[in-house]
Every structure is written in structure tokens, then in C-alpha cells.
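Per chain, numbering begins at 1; letters A, B, ... match sequence-line order. Values reported hereafter were calculated over all heavy atoms of this structure, with side chains retained and with hydrogens, waters and symmetry mates removed.
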Protein chains: 2
Amino acid sequence: MAGIKIRNMDEFARVSGVSRPTLSKYFNAPESVRERTRTKIEAALEAHDYRPNIYAMNQNRKLTKTIGIVVPLLTDPYFAEIARSLEQRCVAEGYRPTLFSSHGDTAMEVEVLETLRSLKPAGVLLAPLGRASNLRGLEKFCADVPTLIFDSSVDQIGLAFVGSDNFQFTSHITDYLCRTGEPPCFFEMKTPANPNAHRRRQSYLDAMKVYGFEPHVISVEGEGWDIEEIGRLGGHDALKSGRFSTNTILCSNDRLAIGLLTACYEQGIHVGRGPECTIRVAGQDGHPHSRYTCPPLTTISHDYDAVSQTAAETLFTAIEGTVKPWESTRLEGKLIMRDSA
Amino acid sequence: MAGIKIRNMDEFARVSGVSRPTLSKYFNAPESVRERTRTKIEAALEAHDYRPNIYAMNQNRKLTKTIGIVVPLLTDPYFAEIARSLEQRCVAEGYRPTLFSSHGDTAMEVEVLETLRSLKPAGVLLAPLGRASNLRGLEKFCADVPTLIFDSSVDQIGLAFVGSDNFQFTSHITDYLCRTGEPPCFFEMKTPANPNAHRRRQSYLDAMKVYGFEPHVISVEGEGWDIEEIGRLGGHDALKSGRFSTNTILCSNDRLAIGLLTACYEQGIHVGRGPECTIRVAGQDGHPHSRYTCPPLTTISHDYDAVSQTAAETLFTAIEGTVKPWESTRLEGKLIMRDSA
DNA sequence: ATAAAAAATTTACGCGCGTAAAATAATTTG
DNA sequence: CAAATTATTTTACGCGCGTAAATTTTTTAT
């Protein structure tokens, strides 16, 4: 009995004692068939390890059970972590997540969306490249495919936006830094890929104004996603030329901070809160690696779990029929105090 | 003309002035049709943005153009980087790469392979979990799907193995450490997930014997893939209890070294080659982050490019018909001297 | 027990494309 | 220029499943 190779659903219908249309129903929603029928099917499934042909299944379906997850750069541990988390939530809900990375490239992002469109996904969780994204392309895509934007928002595109509250991020950590030492200057890329960077700069300026301190922004050159190296080189420049106006540096993001820490090390500058330290450095993001820098990096962390949960659930409810007006959810970050500031 | 929505290949055949079977040939191998025909097709493609239905295409194909890329953990920057590189090579050859992560979990690895099997991929590039892999499952999968194993080898499974020469890695860096200071002791996980770890330990023992030094292996507790934390906690223990027999520590891999560096920092121990430093630390892997530790980590790096190129090309030639006997390629690493040792 | 409702089955068709065979057209060769 | 070769078109069938409509069986309610 178990030796017979099942070639298609018809054959499997025979050995399981259930009709093919019923099987079709079962595979698309196991709960939709009577319990006794389900038991019969699952017993046969044990004995014959049959799996429906994915391609034939999806051919005649308007929408598949696929969910696309697109991030700008999968080699960035932050995106890798959030993608991992989203992936798990999709699986838990019975969807088939498929991972894509734009590799920091506009053309690639466009191509990924084209590929995705032809995959007829039930929905897409998209973290756009940001500044480099092809806006009109994104809009057209979102018009055809239920798309939730996360991480960095681009106008009012898609079903909704879920990300972190960058204003809260920066104002919160600026507040912390002001209360515990010299007010910070702000270290950032001149032309950041991610629009969140602008929010963070603005929020820094606002916060400093509130506290009555003079803001200082140090913008360093450098394009692309090799952010640690940009931070390191820019850090060297700024340190040598004395552009840091106070002993406290708030970086626009953790990767920049990591590069700056390396620059400090290379110049023999001690970072931290200890008595022999001359400079404090803080980041923003709660990058997976920030725990292991030397000194461990004080940062304000995304609420990874909440972002991923909100994003996934918002998409799921939209897919399952509940149409809501466009909405932006921005979650607060949590300050992680470590030795660097 | 450009306004007409093309619904299928038949309609597209009409507007392009080419027969449907010829179109079918074109989409499966553009070079296989005459140039003038190709020009006509591509002109129509410009005007009508038609894309063949992926599902219908693959349904009747024994083998698709899909290539599966499976890594144990996509959140590990090493795997993320190698996956990125492989992905690009697949695209360049006209394949459709699909990324999967086992998330460090055996059951997940099995499931990924099941999913992959039903995707009828042309081939698979698989970095197994290692010790935790389901061997019999892997074998069965490799019997059905052209699979190239990379990173960590598991018997003589699949088409071939491509990875790094762990013996050369460890003996080379051990040699370097011996020549430049005290001979190293070896810092590792007691129960590593990756079989390469055993080769590295053995190679360390061999190398020390050759040089006539007494080897010391410090094996720390800890399961799973949270390797930096294991290194940090194990590092604290070992430092406090004086288990490091020399001032030089060779770590089994970079992530462990990164954790150890943090432990050193937290105990106020200076790492490096400078006069005020009391300990040297080296890693192995050339982890993307190793450049940015403090001090920057001396390590022996995988030849990422060569590994990915050899792996991809070996798979491609196998797919395209050339059947070769199983073969193991182990590429040498390059010593990267930095400040930590 | 009977009627009403729900679930499963039967029947039948179509999706968009792959692909094979035979016929035809275009190109190259001598 | 005719013959040989190569490329394209025509014709025709099938893949494995979704899905709709009509029918039968089973379950639940009265």
C-alpha cells in the first residue's frame, strides 16, 4: 500500500477514499472539511507522502498563499533579523514566505517587484530602499498587490506603514545623553539611503532646542550601504579635524556608531563613561551586534517583535478581507544603556 | 497598440507576429531562436510588458530554472554574505535563485528540503546544519535533486563539496601566532553545531605538535547559534579561572572571538599587540564584522569569492549535463593581520 | 421520524503553457 | 539555381489542479 507512488491528486483521491474536489478543499484550508474526512486524508498522507503540485495549484488561483518579504539588504543583520521574524509569523499563519533582497540597488528592487508580481502573492511585506526607490514603480505595484510597507515609509503607499518612531528614538536618547553628561553632537551620513535618517536629524535639532543647547551636526561623505566603513573614515576625519564639538556623539544609526568606535580605537581614544574615557558614543537601532562592540554600545532599540508582529498582522487582516484606511504605526524604541555612553 | 493587456502567450504571439511555440522556445532560451525573430519578440516585449505565467511554465517542466540556496542561518552575516554572492551568480547565469534559511533547526531544514523538492529546482546549493542535519533525509533529497554541498561537508553526499580547507586555516594561523608571540591556546565550543569545528581543533593539535608546543584546548558550554554570547560567557569563566594557559588565544571562529573580546573588555583586559596589551586574540572565518571589532580582529578569512564561484560553477556544469564523480574542493584561506594578534 | 441544512461527490470544463510531429518557410551550401 | 539544412509554424494533446453546478449523502434541527 505504502509503496505506490502517487502521481497526482486523482490517484491520491483513490487511495484516501475521498473525492478530488474535497482534497482540493482540504489542501487549501484543512479546517473546511469535516473532521472525519480530514482524518481519512491525513491517514493517507502518512502512508503515501503525497504533496500537491505547487505550480498546478497556483496556476488557476488568482491569489496564492505566498507572501513576499522584501528588504533592502539581507546582509545587514538588522534586516536579516526582522526578515527572520516576519518569515516565522507567515509560516505560523499558513502562508509561504519568500525572501528577497534588493541588494541596495534600485534596478534590483524594481526587478524583485516584477518577479513578485508574477508570483501572484497574497501579500507583500516591503521595506523599500528609501531615497533610491522608484516611486512610481512602487505605486503601481502597490495598486496591484496588497503591500504593507515597513521600516522606512514612502508617502502614503500601500495598505499601511509600520515602523519605528524615529522622532521618539532620537529625542529619547538625546534626552538621556543630555541628562547624563555633555549634550551630544550628531554624527550622520550626508546622503543617507534611508529616509529615517532625516527624521532623526530633525528630531535631534528639535530636542536640542527644547533643552536649550546648541546643536552640532557632523555630516560625513559616502554613498551606499558600507556604513561601518563610512563611519570609520568619517570618524577619523572628524576626530582629526576636531569637528566634534562636545565629548558626546549621537550617531544616526548603530552601523555608523560601530565604524566610529573603530576609528576611536584606531586613534587611541577611550570611549565610554569610565574615568579614563574622553568621549561618549551612542547609536540608534539596537543592531544585533551592538551588544558586542567594545565598549558595548548604548543605543535605542527597535522593538523588533512589535514591529514584526504589527506588520504581519496588519497584512494578514487586510488579506483576509478587512479593508481599513491607510494607517501609519510608529512604535517606540527602548533605550539600552550600555558602557559606551 | 500598447494599451492592450496581454493575457497569455497566445495573445502575445499575435501582437508579436511570432508563433506561440517559438515564443516558448524564446522564453526558455533566448539564444535558441533566430536573431530576427528575437528582435521581433523583444520589440513586442517593450510595447506590451507581457511576462509568461511562472506557474503554467513550470507545471509541465520536469526541471525548472529555479535554484535553491539553503543556509543554516541567514542572520549570520557570514552566511548572508555567501548567500548574496551565490544569488548573484545564479542570476547572472539566467537561473532564478530562491533563498531559504533553516534557522538553525533540524525540523526546519527537513521542511525546507521538502518545499524545495516540490519546487522542482534545477539544482540546490546547500549549506547543511551540520551535526544537527538529518543525514538520511539529506541523502534521499540529494538522490532526487542535483545538490551541491557547501561550507560544511557531510559524508560524500550530493554532486560535490566546496568549502574551505579548515586544516590549512588553523595550521596557517597557528603558525603565524607561534612565530609572532606565545603559542596559542584554543578556544572553542564543547558541542559545536558545525563539523568544521572538529577539523579546526584537530588541526590546532597537529600544528602544535609539529612546533613542539604543548596544546591547550578550552571548550566552553553552550548550545545553538548564539555564538557571541557563548564566547562572552565562556570567556568570562575562562578568564576568571585562569584557564588560558598562554597570552594568546586562537578562537575556533570569529563569532566566538567577538564574544571573547567583549568579555576581555568587560574585565578591563587589553587585547592586542601593543605594549600595554596582555593578551592576543585571533579568530577564524573572516567574518564581515571582524574588521570593526576593537581591536580589529586578526583572522584567517574564507575566500568568499572563490568558494561561491566554485560552488556555483560546479553546480551549473552538473546541471548542464556534465556528470563528474563526486569531488571535494577545499579552498585556502587568507591570513588577515590586524591589531588583535 | 421527517424536514432542513451542511458536507461531500460527480461531472465537466478550463487555465497557460510544454512539447512532439508534421508541414512549411527561410537560409546556407555546392 | 537546386538541394540540403536549419528555423519556424501549425496542429494537437496533455499536465495537475481550480472551480462551478448538479446530485447524493450525511448531519442537525424540528
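The residue A:Tyr26 sits apart from the nucleic acid: no heavy atom pair falls under 4.0 Å. Residue B:Asn28 is classed as a sugar-phosphate contact, given heavy-atom separations below 4.0 Å to backbone atoms only.
Read 5' to 3', the first and last nucleotides of DNA chain C with an atom closer than 4.0 Å to a heavy atom of chain B are C:dG16 to C:dT27.
Aromatic ring orientation, A:Tyr50 versus A:Phe12: parallel (interplanar angle below 30°, classes split at 30° and 60°).
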Anything under 3.5 Å between a donor and an acceptor, one on a side chain of residues 135-150 of chain B, the other on a protein residue two or more places apart or in another chain? List them.
| residue | atom | partner | partner atom | Å |
| --- | --- | --- | --- | --- |
| B:Asp144 | OD2 | B:Arg117 | NH1 | 2.2 |
| B:Thr147 | OG1 | B:Val145 | O | 2.8 |

Please set out all donor-acceptor pairs under 3.5 angstrom arising from side-chain atoms of residues 30-37 of chain A, sequence neighbours excluded.
| residue | atom | partner | partner atom | Å |
| --- | --- | --- | --- | --- |
| A:Ser32 | OG | A:Ala29 | O | 2.7 |

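One can place CD1 of B:Ile41 at 11 Å from C1' of D:dT8, the figure rounded to the nearest angstrom. Note: CZ (B:Phe12) to P (D:dT9) measures 13 Å, nearest angstrom.
In this structure, A:Asp305 has no side-chain hydrogen bond (donor to acceptor under 3.5 Å, both in side chains) partners at least two apart in sequence or on a different chain. Judged as a side-chain hydrogen bond (donor to acceptor under 3.5 Å, both in side chains), and not counting sequence neighbours, A:Asn58 has no contacts. Among residues two or more places apart in sequence or in another chain, the side-chain hydrogen bond (donor to acceptor under 3.5 Å, both in side chains) test is passed with B:Arg89 by B:Ser308. By the salt bridge (charged side-chain N to carboxylate O under 4.0 Å, His left out) test, A:Arg330 pairs with no residue at all, sequence neighbours left out. For A:Asp76, the salt bridge (charged side-chain N to carboxylate O under 4.0 Å, His left out) test picks out A:Arg255, with sequence neighbours left out.
In this structure, B:Arg51 places its CZ atom where more than 12 heavy-atom neighbours from other residues, nucleotides or ligands lie under 6.0 Å away.
Over its length, the helix from C:dA1-D:dT30 to C:dG30-D:dC1 turns its helix axis by 10°, as judged from the five terminal pairs at each end, rounded to 10°.
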Worksheet, complete the sentence: Protein-proximity profile, nucleotides 21-29 of chain D, B/S/- by nucleotide at the 4.0 Å heavy-atom cutoff, equals -----SS--
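For B:Thr22 and D:dT9, the shortest distance from a side-chain N or O to OP1 or OP2 is below 4.0 Å.
For residues 70-109 of chain A, every residue pair satisfying the ring pair (Phe, Tyr, Trp, His ring centres under 6.0 Å) rule, not counting sequence neighbours, is listed here: A:Tyr78-A:His302, A:Tyr78-A:Tyr304, A:Tyr95-A:Phe316. For residues 119-134 of chain B, the side chain to side chain donor-acceptor pair (under 3.5 Å) pairs, not counting sequence neighbours, are B:Glu109-B:Ser133.
Comparing B:Glu35 and B:Gln59 along DNA chain D, the residue whose closest nucleotide (by nearest heavy atom) sits nearer the 5' end is B:Glu35.
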